[in-house]
Amino acid sequence: MIKLSNIDKWYGAFHTLKDCSVNVSRGEVLVICGPSGSGKSTLIKCVNGLEPFQGGEITVDGVSVGAAGTNLPRLRARIGMVFQNFELYPHMSVLENICLAQLKVLKRPRDEAEARAFALLERVGLKDHARKLPSQLSGGQQQRVAIARALAMDPIAMLFDEPTSALDPEMINEVLEVMVQLAQEGMTMMVVTHEMGFARKVADRVVFMDQGEVVEDAATDQFFSAPKSDRAKSFLSRILQHV
Amino acid sequence: MHYNWDWSILLQEPYLQWLISGTGWTIAVSLAAWVIAVTVGSLIGIARTLPNRMVAGIATAYTEIFRNIPLLVQLFLWYFVLPEIVPEPLGHWIKRDLPLPEYTTAVIGLGFYTAARISEQVRAGIQSLSRGLSMAGYAQGLTLTQVYRHILLPVAFRLIVPPFTTEFLTVFKNSSLALTIGVLELTAQSGQISEYSFHSFEAYTAATVIYILITMGVTAVMTVIERRLPVAT
Ligand SMILES: Nc1ncnc2c1ncn2[C@@H]1O[C@H](COP(=O)(O)OP(=O)(O)O)[C@@H](O)[C@H]1O
Ligand SMILES: [Mg+2]
């Protein structure tokens, strides 16, 4: 469903993504890991055209992201995205956060949008917080609202960019639980994360990136039991030490 | 020094009338200039943050030019120079038929100058918001216009109410320069009272007190506005 073929991207003279190819099939969960600065965020932002790329092709559900004629807003509306720092709209209540794009992009009637918002808030365990401002919520709660906001658009796939990295440790699980449930329901997901417990539990495949390259792309079991590259081995030994 | 204090002259005619009229013109110049400043300044400020390099560049040039030429010089340029350099029929029209020429020129001059300062506040307000915030909007399928309209502008304008208050107060103070092209606003009228009555201290004290009252009024209004807006973090 998501197909990245030979993606090259530069920031000025800096070659950020080098010939990256990744596929995600419908219903598949792909975890992307790798050291900081390796290009994970950049790669995932190319998928919905938030970052332009200079070489290669990306298609989502058959639609080319980089092609000149593509209606990017329409494509983006079909792909949910969750950011490291939540990025909730700070001046709007939780309810309005979840309704905004439903109203303005999907043109849903307000009562329908609110009903959808309440259903999703119930699902992420925040039904009683609908009228609060984001600043009145904990980090874990904010991130669950952000997930609900993305799901409200009925996306065909979800992108996560380190969704738990900005959270205090005790809040990580409440967010991961929502994501695990989503994965088990068959959502197509691309998840940049260092939560290897999550990867083991729900990922179908793991991609390891380093210095702008896709170094390894393997089935989850294989990635953890027998990583091929030395770079992935040393990365794994570093982060698994602490688990 | 011997000086005959006589506050009662301020209540005598025609001086009282002059003070009232001067205050009226000060407020009229300032409010009209403020409307121009906020409208033009917001548009220019927004334009400076747009992805289109050319639009942003032109807007930045506006800010730099109007912010860096002294206001007094700008007023003279609008009033004395502009009618001479525009096509002749327009120049004639400005000189002969422009309604309230001094007032109109003062409003335009002060308005466009203040717009440059406002645009700087608007640009800074928008750019202080994280790139991630607008990305979140785009990621949901909102268009550039919708991201500005529903996310960036409402959040940024909450942040820039305090600097807006300062700019609004500055407009009132700067409006006194309108006297140089012949608008009989508060400072001009105080000068006139001082000349006719020889009571300079009383005249200028009255002007000072009125400026302070206006300032306090403006500050009070802006404080109410600020309180009404839920503060965004
Ligand atoms: N907007 C940008 N301008 C210039 N360089 C950038 C920008 N964003 C990221 N980079 C650079 O691109 C590289 C990859 O960044 P990123 O994708 O954020 O890595 P990761 O998410 O894996 O930590 C880094 O070296 C980073 O400094
Ligand atoms: Mg990153």
Side-chain angles (χ1 to χ4, degrees), chain A residues 41 44-45 47-52 71-93 96-107 131-137 142-143 145-147 149-155 157-162 166, chain B residues 38 42 45-46 49-57 121-165 222-233:
Chain A
S41 298
I44 205 167
K45 282 174 186 156
V47 172
N48 59 357
L50 287 178
E51 290 288 353
N71 183 336
L72 268 183
R74 181 181 298 173
L75 179 64
R76 287 172 182 150
R78 303 173 65 209
I79 309 169
M81 184 155 193
V82 174
F83 299 83
Q84 184 171 353
N85 294 312
F86 330 134
E87 309 297 355
L88 294 178
Y89 312 133
H91 58 306
M92 290 180 178
S93 69
E96 289 305 316
N97 262 276
I98 303 177
C99 285
L100 179 70
Q102 293 189 70
L103 298 170
K104 303 297 170 188
V105 178
L106 302 181
K107 315 277 189 215
R131 310 284 171 191
K132 289 188 182 168
L133 285 175
S135 56
Q136 294 169 295
L137 302 181
Q142 289 190 52
Q143 194 61 299
V145 171
I147 295 173
R149 178 175 71 176
L151 291 175
M153 306 295 282
D154 298 323
M158 288 281 288
L159 311 175
F160 293 84
D161 188 6
E162 303 209 32
Chain B
V38 170
S42 298
I46 292 165
T49 67
L50 292 177
N52 186 317
R53 291 262 170 91
M54 199 176 79
V55 173
Q121 304 291 355
V122 172
R123 179 203 60 77
I126 293 173
Q127 288 183 346
S128 74
L129 306 178
S130 79
R131 222 163 82 83
L133 187 61
S134 42
M135 276 204 177
Y138 293 124
Q140 287 206 283
L142 296 170
T143 60
L144 178 90
T145 316
Q146 289 173 324
V147 165
Y148 271 82
R149 156 99 178 72
H150 299 293
I151 303 169
L152 295 183
L153 295 182
V155 179
F157 271 99
R158 281 166 170 78
L159 297 177
I160 58 190
V161 171
F164 260 43
T165 307
M222 296 303 266
T223 308
V224 171
I225 293 177
E226 227 171 297
R227 286 223 191 96
R228 288 258 171 102
L229 297 170
V231 180
T233 42

Given a strict heavy-atom distance threshold of 4.5 Å, which part of [X] is in contact with chain B: side chain, backbone, both, or neither?
X: A:Asn48; result: side chain
X: A:Ile79; result: backbone
X: A:Arg149; result: both
X: A:Phe83; result: side chain
X: A:Leu106; result: neither

State, yes or no, whether a side-chain contact exists between A:Lys104 and B:Leu142 at a heavy-atom distance under 4.5 Å.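 Side-chain contact under 4.5 Å: yes.
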Could you pull out all residues at least two apart from B:Arg123 that satisfy salt bridge (charged side-chain N to carboxylate O under 4.0 Å, His left out)?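 Only B:Glu120 meet the salt bridge (charged side-chain N to carboxylate O under 4.0 Å, His left out) criterion with B:Arg123.
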Tell me every residue that passes salt bridge (charged side-chain N to carboxylate O under 4.0 Å, His left out) with A:Arg131, counting only those two or more places apart in sequence or in another chain.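 If we apply the salt bridge (charged side-chain N to carboxylate O under 4.0 Å, His left out) test to A:Arg131, skipping adjacent residues, there are no hits.
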So for B:Gln146, is it side chain, backbone, both, or neither that comes closer than 4.5 Å to the heavy atoms of chain A?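 Only the side chain of B:Gln146 comes within 4.5 Å of chain A.
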Chain A contact via B:Arg149 - which portion, at a heavy-atom distance below 4.5 Å: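 Neither; nothing under 4.5 Å.
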Minimum heavy-atom separation for B:Ala136 and A:Glu87, please, with both atom names.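 So the two residues come closest at CB-O, 3.6 Å.
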Nearest heavy-atom neighbours spanning A:His91 and B:Val155: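 What the structure gives for the nearest pair is ND1-CG2, 3.1 Å.
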Start with the C-alpha distance between B:Met135 and A:Glu51, add both sets of side-chain angles, then the distance that settles side chain to side chain contact (heavy atoms under 4.5 Å, CB included), and finish with yes or no. CA-CA 10 Å; B:Met135 276 204 177; A:Glu51 290 288 353; 3.9 Å; yes
At a heavy-atom distance under 4.5 Å, which candidate from B:Leu133, B:Thr143, B:Leu144 has the highest pair count against chain A?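 The candidate making the most pairs under 4.5 Å is B:Leu133.
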Would you compute the distance between atom CE of A:Met81 and atom CD of B:Gln140 and round it to the nearest 0.5 angstrom?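 The distance works out to 12.0 Å.
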